[in-house]
**Q** 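This is the structure I have questions about; it appears just below.
FYI, the numbering just counts along the sequence from 1.
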Amino acid sequence: MPLALLALAIGAFGIGTTEFVIMGLLPEVAAEFGVTIPTAGFLVTGYALGVVLGAPLMTVLGTRISRKRMLMLLMGLFVAGNVLSALAPTFGLMLTGRVIASLAHGAFFGIGSVVAAGLVAPHRKAGAIAMMFTGLTVANVVGVPLGTYIGQNAGWRVTFLVVAGLGVLGLAGVAALVPEQPRPQGVRLRHELAAFRNVQVLLAMAMTVLGFGGVFAAITYITPMMTRTAGFADSSVTWLLVLFGLGMVGGNLLGGKFADRRLMPLLYVTLGSLAVVLALFTFTAHHKAAAAVTITLIGALGFATVPPLQKRVLDQASAAPTLASAVNIGAFNLGNALAAWLGGLVIAGGSGYTAANWVGAALAGSALVLALVSGALDRGTPRTGRVVAAKGAPAPGGAPEAAGERVTATHP
C-alpha cells in the first residue's frame with residue numbers, strides 16, 4: 001500500500017476523533033460556559049448538521065478543482081474549526097468552530113475514497129479504501145478515549161488543540177504524499193440528482209438516519225448517564241469509550257463481511273437487535289458491569305449497520321453514486337443530530353438521562369420498519385429494469401440512456 005494512504009488515514013483519524021470526543025467532554029464544556037448538558041449537546045447536533053450540509057456542497061465544489069487540492073482545502077477547514085473551538089471565549093463561537101470543522105467530514109471521506117482507489121491496482125481498491133477508513137475506526141478505540149482523558153486532566157481546550165495538530169499532520173501528509181490527480185471530468189449535477197428519484201435510495205437514507213440515530217441518542221449522553229446513574233467515576237468514561245470503540249470496530253468488520261452475502265437479512269437482524277439492546281440499556285445503565293457490556297453491544301450493532309446501509313445506497317444509485325454516497329454520509333450525521341436533540345428534549349423534560357435510550361430504541365425500531373418495507377418492495381419488483389430518470393445519465397453498464405428508458409440490471 002502506498003504511503004499516501006497513511007496520510008488519508010491520519011486525516012480520517014483526526015476527523016473521527018473530533019466527531020466523537022465531544023461526548024466524553026460534555027460536562028466539562030457545559031460547566032465552563034455555564035450551560036446545561038442538554039444545551040451542550042448542541043455541539044453534537046451542530047457538528048452533525050454541518051456534515052449534512054457540507055457533504056453534498058463540498059463534493060460538488062470538489063469537482064471544480066483537483067482532488068488533491070480539495071483534500072488539502074478540507075483539512076485546512078478542519079484545522080481552522082478545531083482551533084476556533086479550542087480558543088472560543090463563548091459557547092456560540094465554539095459551536096461555530098464545530099460547524100466549520102464538520103464541513104470537511106463528508107467530502108473528505110467521499111473524495112478520499114476515490115483517491116485511495118486510484119492509488120492502487122484495480123484488484124486492491126477495496127483494501128485501499130478500507131485502509132483509509134481504518135483511521136476512523138481506530139479513532140474510536142484510541143483517539144476518543146485519549147482525547148477524553150486529556151480533556152478531563154489538562155482541560156478540554158487542550159484536546160481540541162491536539163486534534164487540530166492531527167489535522168495539520170494530515171494536511172502535510174496529503175501535500176507531500178498524495179499525487180496530483182486530474183480534475184474529474186463529465187460529472188453532471190442533474191445526473192447525480194436523478195438518483196434521488198429512486199424510492200429505494202430514499203428509503204435506504206431514511207434507514208441510515210433512524211438506525212444510526214438510535215446509537216447517538218444513547219451515546220451522546222453516555223458521560224452523565226454513566227457517572228450519575230451507573231455510579232462510575234469520571235475517569236472510567238475513558239475505558240467505557242474504549243469498549244464502545246472496540247464494539248464499533250468488530251461490528252464494522254462483521255457488517256462488511258456479511259453485507260455482500262445477505263444484505264437485507266443483515267439489516268433486519270442488526271436493526272432489530274439494536275432496538276432491543278437500546279431499550280434494555282434503560283435498565284442496565286443502573287448496573288456497572290451490565291452497562292459496560294451494553295455499551296459494547298451498542299457500538300457493535302450500530303456499526304454493523306454502516307457497511308450494508310452504505311452499500312444499499314450505492315447499489316440503488318449505481319447510475320450516479322457520487323452525490324448519493326456523500327449525502328448518505330450526511331444522513332448518518334443527520335441521524336446523530338436528530339437523536340442528540342430528541343435525547344436532550346426528554347432529559348430536559350425531567351425524565352432522567354436513561355430516557356434517551358428509549359428514544360434510541362424507537363429510532364432503531366422505526367429503521368427496522370423501513371427496512372422491512374424496502375425488502376417487500378424488492379420482492380415485488382422485477383429483477384430487471386431499473387429506471388434511469390435523467391436523460392443521458394450513465395447506466396450501470398456505462399452507456400447513456402434516454403429519459404424513462406429501462407436498463408437491464410440485477411438488483412442486489
Side-chain angles (χ1 to χ4, degrees), residues 48 51-53 55-56 59 105-106 109-110 113 129 133 191-216 251-252 254-275 301-339 360 362-383 385-390 393 395-396 407 409-412:
V51 177
V52 172
L53 297 175
T59 300
H105 187 122
F109 285 109
S113 295
I129 295 172
F133 275 89
H191 292 165
E192 297 289 331
L193 290 174
F196 297 94
R197 300 180 188 178
N198 184 341
V199 67
Q200 289 285 29
V201 172
L202 299 179
L203 279 173
M205 290 183 176
M207 283 186 270
T208 297
V209 171
L210 297 174
F212 203 66
V215 175
F216 256 68
N252 189 54
L254 289 175
K257 179 178 180 179
F258 290 104
D260 285 325
R261 302 179 185 179
R262 301 290 302 277
L263 190 149
M264 293 308 294
L266 174 64
L267 281 178
Y268 302 152
V269 171
T270 53
L271 290 172
S273 300
L274 180 61
L301 291 169
F303 277 77
T305 68
V306 173
L309 285 172
Q310 189 71 3
K311 186 175 186 295
R312 180 72 172 171
V313 169
L314 291 174
D315 287 344
Q316 297 298 327
S318 58
T322 307
L323 186 59
S325 177
V327 170
N328 199 51
I329 292 174
F332 282 108
N333 286 270
L334 179 58
N336 300 352
L338 174 67
L363 291 173
S366 300
L368 174 60
V369 172
L370 293 183
L372 293 170
V373 170
S374 182
L377 290 176
D378 272 350
R379 292 189 292 274
T381 302
R383 295 186 65 82
R386 182 176 297 160
V387 175
V388 176
V407 179
T410 301
H411 282 276

**Q** Which atom pair, heavy atoms only, marks the closest approach of Leu334 to Val52?
**A**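 Closest heavy-atom pair between Leu334 and Val52: N-CG2, 3.3 Å.
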**Q** Could you tell me the separation between the CZ atom of Phe303 and the CG atom of Leu254, rounded to the nearest 0.5 Å?
**A**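 With rounding to 0.5 Å, CZ (Phe303) is 14.0 Å from CG (Leu254).
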**Q** Would you say that Thr305 contacts Leu266 through its side chain, given a criterion of any heavy-atom pair below 4.5 Å between the two side chains?
**A**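 SC-SC contact between Thr305 and Leu266 ruled out.
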**Q** I'd like to check the side chain to side chain donor-acceptor pair (under 3.5 Å) partners of Thr270; sequence neighbours left out, ordered by chain and number.
**A**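 Thr270 satisfies side chain to side chain donor-acceptor pair (under 3.5 Å) with no residue once adjacent residues are dropped.
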**Q** Can you tell me how far apart CG (Leu267) and CG (Leu274) are? Round to the nearest 0.5 Å.
**A** 11.5 Å
**Q** What are the two closest heavy atoms between Ala339 and Gly213, and how far apart are they?
**A**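 Looks like CB-O, 2.8 Å.
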**Q** Which pairs of donor and acceptor atoms, one on a side chain in residues 363-376, lie under 3.5 Å apart (sequence neighbours left out)?
**A**
from: Ser366; atom 1: OG; to: Ala362; atom 2: O; distance (Å): 2.8
from: Ser374; atom 1: OG; to: Gln200; atom 2: OE1; distance (Å): 2.5
from: Ser374; atom 1: OG; to: Arg312; atom 2: NH2; distance (Å): 2.7

